Amino acid sequence: MAYKNLPINASLQEYNRIYKEINKLYREEAQKLGLSNSAFDIFYTICEFEDGCQQKDICEATFLPKQTVHSAIRNLEKEGLIVLTPGKGRGVKITLSPLGEKKIIPLMEPIFKCESASFDAMSPEDAQKLLSLNNQYVSHLRDAFSKI
């Protein structure tokens, strides 16, 4: 039940519950894989980009703070799981090392398969509706927060 006089309706409470449950599922998977949440997000993003990415790409994809990503990248590099190579301009390309490929790809592949299967279980129309409505909500929320 919402605190007195706060405008929280049942639909919003349910949406927030679902959002938090999704986050919990990913945290639990990261933990099962022996990864911190930030390492999980970084490996996930590197795998999405396939041929490497930059730190800014990871920050944009994960919404993690730049310093969190920077420090996690340094730790993962020390562990020999990623390689940093000069990229365009001052950019640095981040890829999995051979050791990282050997260890991380088998961990991440089932995650991607589960996500795909879960999304594919919906009709194409429902999947598109889910994306559209979530994007609308984020847009409205961003706009509302900008006015606080």
Side-chain angles (χ1 to χ4, degrees), residues 1-3 6 8-88 90-122 126-146 148:
M1 185 159 130
Y3 197 80
L6 288 179
I8 303 173
N9 67 43
S11 295
L12 180 57
Q13 285 179 315
E14 179 61 6
Y15 181 83
N16 287 334
R17 187 201 64 75
I18 292 166
Y19 169 80
K20 290 170 186 170
E21 184 175 2
I22 291 169
N23 285 332
K24 179 182 179 219
L25 289 170
Y26 281 100
R27 283 192 314 270
E28 289 172 350
E29 288 308 306
Q31 185 178 27
K32 280 193 244 176
L33 299 175
L35 300 172
S36 68
N37 294 331
S38 54
F40 178 90
D41 287 344
I42 289 168
F43 288 136
Y44 188 101
T45 304
I46 291 171
C47 290
E48 279 185 311
F49 275 79
E50 293 181 9
D51 62 343
C53 58
Q54 294 186 0
Q55 181 173 319
K56 72 177 184 68
D57 298 319
I58 294 170
C59 291
E60 289 172 5
T62 64
F63 298 94
L64 291 171
K66 185 178 177 180
Q67 186 55 42
T68 300
V69 171
H70 180 76
S71 126
I73 286 171
R74 293 295 170 217
N75 289 334
L76 297 173
E77 182 184 29
K78 285 178 191 170
E79 293 175 33
L81 297 171
I82 62 172
V83 175
L84 307 178
T85 54
K88 294 179 184 176
R90 293 177 37 196
V92 175
K93 186 175 174 182
I94 304 164
T95 56
L96 293 175
S97 68
L99 175 64
E101 287 182 11
K102 183 179 175 184
K103 286 186 160 189
I104 301 306
I105 298 299
L107 298 179
M108 298 308 291
E109 186 176 18
I111 301 296
F112 283 97
K113 284 182 178 178
C114 287
E115 289 175 326
S116 292
S118 299
F119 210 79
D120 291 345
M122 293 185 278
D126 284 348
Q128 189 56 48
K129 193 183 304 183
L130 175 69
L131 296 174
S132 176
L133 292 173
N134 271 287
N135 279 317
Q136 281 182 49
Y137 179 69
V138 168
S139 178
H140 293 307
L141 189 61
R142 185 182 302 111
D143 184 51
F145 281 168
S146 75
I148 294 177

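Bear in mind the structure is a predicted one, so any value in this text is a computation, not a measurement.
The closest donor-acceptor contact from the side chain of S116 to the backbone of F112 lies under 3.5 Å. Between the N135 side chain and the L131 main chain, a donor and an acceptor come within less than 3.5 Å of each other. The main-chain N or O of D51 is found under 3.5 Å from a side-chain atom of K93 such that the two form a donor-acceptor pair.
Not counting sequence neighbours, Y26 has no partner by the ring pair (Phe, Tyr, Trp, His ring centres under 6.0 Å) test. Legend: residues meeting side-chain hydrogen bond (donor to acceptor under 3.5 Å, both in side chains) with R17, ordered by chain and number and at least two apart, are E14, E21.
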Can Q54 and V92 be said to form a side-chain contact (heavy atoms from CB on, under 4.5 Å), step by step?
CA-CA 6 Å; Q54 294 186 0; V92 175; over 6 Å; no
Take Y44 and T62 through the test side-chain contact (heavy atoms from CB on, under 4.5 Å) and record every step on the way to the result.
CA-CA 9 Å; Y44 188 101; T62 64; over 6 Å; no
Decide yes or no on side-chain contact (heavy atoms from CB on, under 4.5 Å) for L64 and C59, but give the supporting numbers first.
CA-CA 5 Å; L64 291 171; C59 291; 5.9 Å; no
Intermediate values then yes/no, side-chain contact (heavy atoms from CB on, under 4.5 Å), K66 and V69
CA-CA 5 Å; K66 185 178 177 180; V69 171; 5.9 Å; no
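In this structure, N37 CG and E29 CD are separated by 11.5 Å, a value rounded to the nearest 0.5 Å. The SG atom of C53 lies 9.0 Å from the CD1 atom of I42; values are rounded to the nearest 0.5 Å. Distance check, rounded to the nearest 0.5 Å: CG of L12 to OH of Y137 gives 5.0 Å. For the atom pair OG (S118) and NZ (K113), the distance works out to 14.0 Å, reported to the nearest 0.5 Å. Atom NZ of K129 and atom CG of N134 lie 13.0 Å apart (nearest 0.5 Å). To the nearest 0.5 Å, atoms NZ (K103) and CG (L35) are separated by 10.0 Å.
Under the 30°/60° scheme for interplanar angles, the aromatic rings of Y19 and Y15 are found to lie parallel.
For the pair A30 and S36, the tightest heavy-atom approach, listed with the atom from each and the gap, is CB-O, 4.2 Å. In plain terms, the two heavy atoms of D126 and M122 that are nearest each other are CB-CB, 4.3 Å.
When the shell of 6.0 Å around CD of Q31 is examined, it contains 12 or fewer heavy atoms from other residues, nucleotides or ligands.
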Tell me which donor-acceptor pairs under 3.5 Å the side chains of residues 76-85 have, and how far apart each pair is, sequence neighbours excluded?
residue	atom	partner	partner atom	Å
E77	OE1	R74	NH1	3.2

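Side chains of L96 and F43 form a contact here, defined as non-hydrogen atoms less than 4.5 Å apart. Looking at heavy atoms from C-beta onward, R27 lies out of side-chain contact with F40 at the 4.5 angstrom threshold. Inter-residue side-chain proximity for I58 and I73 is flagged as met; some heavy-atom pair is nearer than 4.5 Å.
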